[in-house]
Number of protein chains: 2
Amino acid sequence: MSRGAGAGVRESLEAPGSREKILDVAEALFARRGFAGVGLREVALAVGLGKSSLFHHFRSKVQLYLEVLGRVLGRIDERLRPALAAGGGPAERLMRSLDVLVDALAEHPTTARLLLRGLFEDDAFPADLGPEGDTVERRLASLICGIEALLREGIERGAFRRVSIPHMMQTLIGATVYHFASGEFGEGLIGGSLFSAEEVRRRKEELRAVLDHGLTA
Amino acid sequence: MSRGAGAGVRESLEAPGSREKILDVAEALFARRGFAGVGLREVALAVGLGKSSLFHHFRSKVQLYLEVLGRVLGRIDERLRPALAAGGGPAERLMRSLDVLVDALAEHPTTARLLLRGLFEDDAFPADLGPEGDTVERRLASLICGIEALLREGIERGAFRRVSIPHMMQTLIGATVYHFASGEFGEGLIGGSLFSAEEVRRRKEELRAVLDHGLTA
DNA sequence: GTCTATACTACGATAGAC
DNA sequence: GTCTATCGTAGTATAGAC
């Protein structure tokens with residue numbers, strides 16, 4: 001309780017809170033250039049602080065990175081969990097959840113990049129990630145397990161074909177997270193922004209079309 | 001012709017050729033930690049040279065990176081091009097090409113990672129990439145265009161449903177490149193190596209199953 | 001809570017001896 | 001073709017004044 005994640009309740013309510021601002025700036029930079037590609041000097045400068053002042057808010061660069069990642073996962077978890085839990089058959093719940101996931105990824109262009117980069121950079125860190133690393137892993141596991149359970153239930157109840165659940169998970173992640181993380185390459189393919197309302201709608205349609213003919217029994 | 005890509009024919013045939021060795025080592029490192037995460041010192045040490053000796057073979061770190069990327073794209077292009085060109089209907093050619101792509105990605109665990117990282121890191125470089133950058137872009141465009149053309153032909157000839165070609169491209173890339181780039185995360189999902197013969201076969205099956213029910217008319 | 005100053009290491013790249 | 005030495009910059013992180 002002495003330095004838990006919820007510390008500083010009194011000040012964090014209305015204070016301009018460099019902390020949030022730092023996380024915002026760091027999120028944008030880490031999304032664009034990855035963990036190793038961003039220097040704390042750049043983060044500090046962009047947030048209007050001296051380099052050393054960052055260490056008053058975050059113990060290290062790794063901790064800052066993990067908090068950025070945890071916040072992103074939290075934003076998704078927050079929206080996906082109710083979508084997964086709400087009523088309807090497995091197919092209906094899956095489609096609704098994927099729509100919610102797509103909306104969440106489309107809302108901030110940083111989100112998908114950060115997530116996908118997070119998958120790649122986990123071997124650049126020491127094995128032990130501390131409490132912030134645990135938060136990240138817990139939230140990620142929660143997301144994954146929720147969708148896995150939905151697939152499993154759908155298969156058991158005959159709503160889905162008997163696919164390999166892990167492989168279908170990978171296909172779904174590719175079709176959502178990869179798509180919105182593909183940046184300039186994806187925009188070159190599509191011929192415009194990945195994040196316009198129209199293209200987001202189109203992605204949902206594609207996802208639905210592929211799954212309706214490829215997963216639903 | 002004075003310093004083209006094919007220079008040094010005489011020596012490169014049998015000489016131990018630090019060049020190839022450097023590319024091998026750099027490929028492994030860039031795949032694991034990305035452009036910014038790798039120092040030339042580390043590359044040099046791993047290949048058994050002093051740091052400065054690298055500059056005798058490559059003008060800069062960016063050039064080294066681009067040559068690594070170009071070589072990977074070349075390996076894929078080399079195998080995918082005949083698969084795309086060989087006979088059969090659009091559906092048959094697409095499935096065969098995806099099998100070949102999966103085999104190419106599965107052969108070296110570095111390949112998919114390098115490709116996916118390449119998509120993310122193109123904004124970390126200056127706009128002008130020089131001749132090596134042109135090679136990379138040309139090979140990438142060749143790959144993409146080949147598959148796009150196949151999809152287009154299949155739709156025109158009624159073999160495929162009238163999907164959005166760019167969105168289907170993204171789905172296919174996600175289902176292949178992302179999958180094999182997903183590293184520890186993917187292995188955690190699958191519960192074992194992504195690159196074992198069995199899991200590679202399973203990925204092909206999944207791909208085929210999804211497409212057979214989601215793309216083929 | 002932010003600052004200056006500093007420690008120490010590593011970075012990409014160049015010069016020039018051998 | 002590899003080496004040592006060096007340049008100038010930037011990296012993470014700490015100490016301590018204000």
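Residue numbers start from 1 in every chain, and the chains themselves are labelled A, B, ... in the order their sequence lines are given, proteins ahead of strands. The analysis underlying the following values was restricted to heavy atoms, covering all of them including side chains, and did not include hydrogens, waters or symmetry mates.
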Checklist entry - With sequence neighbours left out, what residues match A:H167 under ring-ring contact (aromatic ring centres under 6.0 Å, His included)? => result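 Only B:H179 meet the ring-ring contact (aromatic ring centres under 6.0 Å, His included) criterion with A:H167.
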Checklist entry - Taking only residues two or more places apart in sequence, or in another chain, which ones meet B:Y178 in a ring-ring contact (aromatic ring centres under 6.0 Å, His included)? => result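 For B:Y178, no residue satisfies ring-ring contact (aromatic ring centres under 6.0 Å, His included) once neighbours in sequence are set aside.
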Checklist entry - Residues from residues 43-57 of chain A sitting under 4.0 Å of DNA chain C, heavy atoms only? => result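 Residues of residues 43-57 of chain A under 4.0 Å from DNA chain C: A:L49, A:G50, A:S52, A:S53, A:H56, A:H57.
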Given atom [atom1] of [X] and atom [atom2] of [N], what is their separation to the nearest angstrom?
| X | N | atom1 | atom2 | result |
| --- | --- | --- | --- | --- |
| A:R41 | D:dG11 | CZ | P | 6 Å |
| B:R33 | C:dC11 | CZ | C1' | 14 Å |
| B:R19 | D:dT2 | CZ | P | 12 Å |
| B:E42 | C:dC11 | CD | P | 8 Å |

Distance-only donor-acceptor pairs under 3.5 Å for side chains of residues 44-54 of chain B, two or more places apart:
none

Item to check | Pairs where residues 122-146 of chain B contributes a residue and the test ring pair (Phe, Tyr, Trp, His ring centres under 6.0 Å) is met, not counting sequence neighbours | outcome: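 Qualifying pairs: B:F35-B:F125, B:Y65-B:F125.
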Counterpart residues, salt bridge (charged side-chain N to carboxylate O under 4.0 Å, His left out), relative to [X] (two or more places apart):
| X | answer |
| --- | --- |
| A:R93 | A:E153 |
| B:D134 | none |
| A:R113 | B:D123 |

Checklist entry - Going by the side chain to side chain donor-acceptor pair (under 3.5 Å) test, which pairs reach into residues 31-44 of chain B, not counting sequence neighbours? => result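 Applying side chain to side chain donor-acceptor pair (under 3.5 Å) to every pair that reaches into residues 31-44 of chain B, excluding sequence neighbours, yields B:R33-B:E42.
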Item to check | Selection residues 136-146 of chain A - residue pairs positive for side chain to side chain donor-acceptor pair (under 3.5 Å), sequence neighbours left out | outcome: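 Checked against side chain to side chain donor-acceptor pair (under 3.5 Å) - neighbours excluded - the pairs reaching residues 136-146 of chain A are A:D77-A:S142, A:R81-A:S142, A:T135-A:R138.
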Checklist entry - What are the two closest heavy atoms between B:V102 and B:T176, and how far apart are they? => result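 For B:V102 versus B:T176, the nearest heavy atoms are CG2-CG2, 4.2 Å.
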Checklist entry - Bend angle of the helix from C:dG1-D:dC18 to C:dC18-D:dG1 from five-pair axes at both ends, rounded to 10°? => result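 One end's axis against the other's: 0°.
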Checklist entry - Contacts to DNA chain D from residues 61-72 of chain B, heavy-atom cutoff under 4.0 Å, which residues? => result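 None, since no heavy atom is under 4.0 Å.
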